[in-house]
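Taking it in order: structure first as structure tokens, then the write-up.
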Amino acid sequence: MSSGSDLLHIDDQLTDEERLIRDTVRAFAADHVLPYVADWFEAGTLPHEILTELGKLGLFGMHLVGYGCAGLGPVAYGVACRELEAADSGLRSAASVQGSLAMYPIWRYGSEEQKAEWLPRMAAGEAIGCFGLTEPDHGSDPGGMRTSARRDGSGWVLSGTKMWITNGSIADIAVVWAATPEGIRGFLVPRGTRGFTARDIHKKLSLRASISSELHFDSVRLPDSAVLPGVSGLKGPLSCLSEARFGILWGVTGSARTCYESAVSYAGTRTQFGKPVAGFQLTQSKLAWMAVSLSQAQLLALHLGRLKAAGTITPAQVSIGKMANVRSAIDIARQARTILGASGITLEYPVMRHANNLESVLTYEGTEEIHALAVGQEITGLSAYR
Amino acid sequence: MNIVVCVKQVPDTATERRLRPGEGTLDRATPDGLINELDEYAIEEGLRIAEAHEGEVTILSMGPAKAAESIRKALSMGADKAIHVVDDGLAGSDALATSYAIAQVLEETGFDLVITGSESTDARMGVLAAMLAERLGVPQLTLASKVDIDGTRITVRRVSDEGFDEVEASLPAVVSVMEKINEPRYPSFKGIMAAKKKPVRTLSLADAGIDADQVGLAASATEVVDFAARPPRQAGVIVKDEGDGGTKAAAFLTERKFI
């Protein structure tokens, strides 16, 4: 990070290795994403090739060990998410889904055959994965899911619908969570399996440079080897979400940084009443609070990263990070928009794109409200929602 | 094939760079040190040649302790090992003294091919490759925009003001490569992990057999006599087009001898 937006020199706390990851992802984004991302957003697409390139870099499943994964630490993973999201939340979402929601359950709960078949190709970006948990009628309350699987002879029959599935229509492999008589189980459903179809969701005003799909399973027959053997119950998908939320609480510090830098730069060159708008007290107050908020978010992300590296991080701590940092980021993005005036609503500048993306980030992977309830439960010992 | 790529850590060109008052040498204490961008092409070319000819790439860097970061990046890109010459006695060495120190190391390690960038973005001398070749008594093939190797024959396309020359020599040799000769790869994440285990030899002057009296600021043949900050940029001239915009623009350019 240029010391310009890192007022507290927080990046000095990173190791050489983490800084090298930062510089590599930042250079990649500068070369391959930033020149095009506004057009992708406008067109409502994310080119498949960019995922292949991220795979070549070694970014997918970078925090996992073995099976072609790089085996880096959580802070390195967080920094990579931050630099991707500094470009666009859609790109970071694609990487989060691939690494934390699709590869992670296979890596943690999969059979040796499942790991060997999928992880190396997914790490290389040759196979794309998606994660099916949310349904049209079950978002914050996934335990009520209607998608179900029943045993049939030596295999399974899977039926139901999943909604808001990132990478759904381009996925080679879907990790699908379904209710079974023995609790919620995870199933690996390859693209092209008879009865499995995916349809993209259009008319989005947020995360437009990201593919969101609806998955349909119409009596899909699966062999017994399709089940993730290592887990049953809601803790399976929830453990994956905890991984992904960790990437989010880092990632959003990237979008916030981009918005902040954009506001500083614009305020310095935009002249009104005969001087740069940066010279007005109201603007400086906005910039100062944005800088404070950004620094706090960065410190929180780094702290949680070190806790994760130490192996002591708890889901409630991740909830604190997710709710706090996404809230900070969306407030910074909206405040930046006011400094950019009318320019702020265009795709010529990144702030409205980021602000709109962050509306999704606020909601997905546990809404702000659900995280508040999780933190509330941690504080009081009382569950207010189940 | 034993390929040695010379790499220099330089201050980030995006930050403000300063000279130290008194000695007129570059203040290297600035926070961000990067691999000289032009050296990235040299590293990439070295890696490509090594991949095609079963070679091994050694990164050779002379610089303060923090240059280790840049060495690490070069190893993450895929180089096999590195030599870091670090000694306070080297501070302030000019191109001539630097070429002496690096040549001493190269004499000791041996090489089939030495590759450098065309110049460094800090001092911008662009003479190291030629000086090294002279000191080592091997052919110099500078400003290459294309390098081909066939056995011990090396052919390069040497960029000139009018076009290019084809230059041929036999190995061992020293080559300097131009910007855009290739597209330098990013360090892969697996490469970043692997780099931690790659050998880096750290040599002091004594370790490398470098005569302390021939390097450093005092032994340098060149001296910065004076320097001044660049004057602040003047406001631009706005030419209003009243049907004669072209003529006015041409007059402006003519006055400054651009046309």
Output the distance between atom [atom1] ([X]) and atom [atom2] ([Y]), rounded to the nearest 0.5 Å.
X: A:Thr15; Y: B:Lys196; atom1: OG1; atom2: NZ; answer: 7.5 Å
X: B:Glu69; Y: A:Glu17; atom1: CD; atom2: CD; answer: 13.0 Å
X: B:Ile192; Y: A:Asp23; atom1: CD1; atom2: CG; answer: 9.0 Å
X: A:Ile21; Y: B:Met193; atom1: CD1; atom2: CE; answer: 8.5 Å
X: A:Leu72; Y: B:Phe189; atom1: CG; atom2: CZ; answer: 7.0 Å

Check: How close do A:Thr24 and B:Pro187 get, heavy atom to heavy atom, and via which atoms?
Finding: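 Where A:Thr24 meets B:Pro187 most closely, the heavy atoms are CG2-O, 3.4 Å.
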Margin query: Strictly less than 4.5 Å between heavy atoms, which residues of residues 60-69 of chain A line up against chain B? Please order them by number.
Written below: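 When heavy atoms of chain B are the reference, residues 60-69 of chain A contributes A:Met62, A:Gly68 within the under-4.5 Å range.
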Next item on the list: Select all residues of residues 88-99 of chain A having any heavy atom within less than 4.5 Å of some heavy atom of chain B, and report them by number, or 'none'.
Entry: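 Against chain B, none of the residues of residues 88-99 of chain A fall inside the cut-off of heavy atoms under 4.5 Å.
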Flag yes if more than 12 heavy atoms outside [X] fall under 6.0 Å of its [atom1] atom; otherwise flag no.
X: B:Asp88; atom1: CG; answer: no
X: B:Met1; atom1: CE; answer: yes
X: B:Arg256; atom1: CZ; answer: yes
X: B:Lys190; atom1: NZ; answer: no
X: B:Phe258; atom1: CZ; answer: no

Notebook entry, point to check: Would you say A:Glu53 and B:Tyr186 make side-chain contact, with heavy atoms under 4.5 Å?
Noted result: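 They are not in side-chain contact.
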